[in-house]
**Student:** 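First the structure, which I've put down as structure tokens, then a few questions once you've had a look.
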Amino acid sequence: MATRPYTRRKPLDPEFTRERARKARAAQLSVEHYVQKIVDRAPELTDEQMEKLRALLRPAPVCGGARDAA
């Protein structure tokens, strides 16, 4: 099998690379990412651990703000 010759690529636009890095970091900090990391690390959770996770991941109640206080 023939190997492809090395070709020097043009450097990417700094604004593009900065934006790509920002989006990648935002994805790393997302809730879905953290949940996936927990699930990947501990595929066999105890009942107690599953209850703690359920409590932490339960959706927060939606409030109307000042209208609820009146």
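Here the structure is a predicted model, which is why all the values come from computation and not from measurement.
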**Student:** Got a second to check how far Glu15's CD is from Arg18's CZ, nearest 0.5 Å?
**Tutor:**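 Answer rounded to 0.5 Å: 6.5 Å.
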**Student:** Please round to the nearest 0.5 Å and tell me the distance separating atom CZ of Arg54 and atom CG of Leu45.
**Tutor:**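 Output value for this atom pair is 9.5 Å.
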**Student:** Look at the side chain of Gln49 and the backbone N and O of Thr46, then say whether any donor-acceptor pair between them is shorter than 3.5 Å.
**Tutor:**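 Yes, the answer is positive, given that a donor and an acceptor are paired below the 3.5 Å cut-off.
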**Student:** Output all residues satisfying side chain to side chain contact (heavy atoms under 4.5 Å, CB included) with Leu56, sequence neighbours left out; order by chain, then residue number.
**Tutor:**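 Listed in chain order: nothing, the list is empty.
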**Student:** If you draw a 6.0 Å radius around CG in Asp13, do more than 12 non-hydrogen atoms from other residues or ligands fall strictly inside?
**Tutor:**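 Check passes, neighbour count above 12.
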**Student:** Could you go through the side chain to side chain contact (heavy atoms under 4.5 Å, CB included) check for Val35 and Glu32 one step at a time?
**Tutor:** CA-CA 5 Å; Val35 170; Glu32 291 85 7; 5.8 Å; no
**Student:** Same cluster for Met50 and Leu53 if Ile/Leu/Val/Met/Phe/Trp/Tyr side chains link at under 4.5 Å?
**Tutor:**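 Both belong to a single hydrophobic cluster.
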**Student:** Run the side chain to side chain donor-acceptor pair (under 3.5 Å) test against Arg22 and tell me which residues pass, sequence neighbours left out.
**Tutor:**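 With sequence neighbours excluded, Arg22 shows a side chain to side chain donor-acceptor pair (under 3.5 Å) to Glu19, given in chain and number order.
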**Student:** How would you list, by chain and number, every residue that makes a side chain to side chain donor-acceptor pair (under 3.5 Å) with Gln28, sequence neighbours excluded?
**Tutor:**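 In terms of side chain to side chain donor-acceptor pair (under 3.5 Å), with neighbours along the sequence ignored, Gln28 is linked to Arg25.
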